[in-house]
Amino acid sequence: MLYDCAIIGGGPAGLNAALVLGRARRSVALIDNNRPRNAVTHASHGFITRDGVTPAEFRRVAYEEVLRYPSVHHLPTEVISVTKKESIFEVFDSSGLRIQTRKLILATGVKEVFPEIEGFYTFYGKSLFNCPYCDGWELRDQPLVLVSESPAIYHTAKLLLNWSKDLLVCTNGQAFLSDEQKERLQSKGVVVMEQPVAAFIGHHGQLEYASFTDGTQVPRVGGFVTPRFVQSTPFGGDLGCERTESGGIQTDGAGRTSIPGVYAAGDSSYFMPSQLIFAAADGSRTAASVNLDLTEEDFNEC
């Protein structure tokens with residue numbers, strides 16, 4: 001079978017793209033390895049009508065809605081390679097299955113690379129997070145820690161003051177903050193520590209202390225650690241898609257990449273803001289572009 005579109009990735013971008021294309025009566029292969037990046041968190045926030053939903057429930061409801069459309073086929077498998085032969089794409093999975101498609105949406109998202117700090121994963125998704133918009137409300141007015149090795153640490157620190165004035169900012173040994181920035185933060189009551197963080201300490205997922213290499217321990221009940229984002233799959237690069245400066249797959253603003261027939265949606269094309277509602281909206285917009293391009297091709301056939 002030759003599909004109109006194959007979508008690699010079953011997160012909010014891929015699911016919403018499948019929904020739009022299914023309603024447009026396009027044949028869709030929705031390929032998903034069932035390893036969502038947000039599975040670690042207790043709840044997802046910021047998506048109207050779905051605020052506080054668990055990632056598992058979000059996926060359950062989404063698949064229930066998407067698969068109402070008979071032209072959408074869910075393939076729960078792992079893609080290992082993608083190639084292009086003239087105007088047709090071939091997607092191969094780990095079992096050797098070959099899927100042929102006219103158009104391809106990369107909605108594979110990103111991987112988070114966190115600073116290597118002892119104990120971090122014990123608390124991640126429970127009392128340590130990476131997105132203030134997603135989890136800041138639950139930590140409001142509590143003693144928080146921000147750990148970031150990014151030049152954007154000053155901006156993130158200012159942002160977090162909206163949720164808590166009791167803030168410890170840690171550069172983890174980096175020197176991204178200027179003297180003026182440190183003075184400005186300290187004037188707002190923010191404690192700035194530039195020595196490396198040795199460990200996070202607590203029990204049962206609840207943070208109690210941030211520990212530093214000089215032996216200092218500062219009581220904290222939660223906070224945010226800024227990751228570095230990288231593409232979760234090599235498929236965009238394998239196909240020759242251009243990248244943005246931050247490492248996302250470059251698109252024209254409507255999901256089209258530099259390779260004709262290849263589209264990118266959600267976190268694959270932009271790394272921030274990394275939220276469900278943005279990814280779902282981008283999946284919808286990208287699917288509309290795919291349908292438009294297919295329509296033009298079919299209409300202009302001799």
Side-chain angles (χ1 to χ4, degrees), residues 3-21 28-41 44 55 58-59 62-63 66 72-84 89-95 97-113 130-131 227-244 246-252 254-287 289-290:
Y3 287 95
D4 289 322
C5 184
I7 302 170
I8 306 178
L15 285 163
N16 219 65
L19 178 64
V20 171
L21 288 169
V28 176
L30 176 58
I31 310 168
D32 178 20
N33 63 10
N34 195 32
R35 291 202 296 269
R37 180 167 62 92
N38 67 347
V40 68
T41 192
S44 300
F58 180 89
R59 286 170 59 82
Y63 269 105
V66 167
V72 178
H73 300 160
H74 177 210
L75 304 178
T77 188
E78 180 83 23
V79 174
I80 59 171
S81 67
V82 182
T83 61
K84 184 177 184 181
F89 297 92
E90 292 187 333
V91 180
F92 296 89
D93 78 351
S94 55
S95 70
L97 177 68
R98 182 183 66 170
I99 300 150
Q100 293 186 308
T101 182
R102 297 169 64 190
K103 305 294 182 187
L104 178 69
I105 296 178
L106 300 176
T108 47
V110 294
K111 292 189 294 187
E112 300 155 323
V113 180
N130 73 61
C131 172
R228 177 171 57 88
F229 292 105
V230 297
Q231 291 287 332
S232 65
T233 67
F235 305 138
D238 292 346
L239 291 166
C241 298
E242 293 181 2
R243 297 284 187 92
T244 65
S246 62
I249 299 173
Q250 182 74 56
T251 70
D252 64 355
R256 300 178 184 89
T257 73
S258 59
I259 301 301
V262 181
Y263 306 73
D267 294 344
S268 293
S269 59
Y270 61 87
F271 289 172
M272 295 295 287
S274 183
Q275 295 182 19
L276 290 181
I277 197 163
F278 283 91
D282 200 50
S284 178
R285 177 174 56 185
T286 300
S289 297
V290 170

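Here the structure is a predicted model, which means the values were calculated and not measured.
Using a 30° and 60° split on the angle between ring planes, Y63 and H74 fall in the tilted class, from 30° to 60°.
Using a 4.5 Å heavy-atom cutoff, the side chains of I31 and D93 are not in contact. When side chains are defined from C-beta on, L75 counts as touching I99, because their heavy atoms get closer than 4.5 Å. Side-chain contact between N34 and P76 is absent, with no heavy-atom pair separated by less than 4.5 Å. Between D238 and V82, the closest side-chain pair of non-hydrogen atoms is not below 4.5 Å.
Smallest separation of non-hydrogen atoms from G283 and A265: CA-CB, 4.0 Å. Of all non-hydrogen atoms in G261 and F89, the two that sit nearest each other are O-CE1, 3.6 Å. Taking all atoms of both residues into account, the shortest heavy-atom contact from G9 to L30 is O-CD1, 3.7 Å. Nearest heavy-atom pair across S269 and D282 is OG-OD2, 3.5 Å. Pairing each heavy atom of S94 with each of T77, the nearest pair is OG-OG1, 4.3 Å.
Side chain of S268 to backbone of G109: a donor-acceptor contact under 3.5 angstrom is found. Although no hydrogens or angles enter the test, the distance criterion places a donor-acceptor pair under 3.5 Å between the side chain of S232 and the main chain of T108.
Heavy atoms of other residues, nucleotides or ligands lying less than 6.0 angstrom from CD of E242 number 12 at most.
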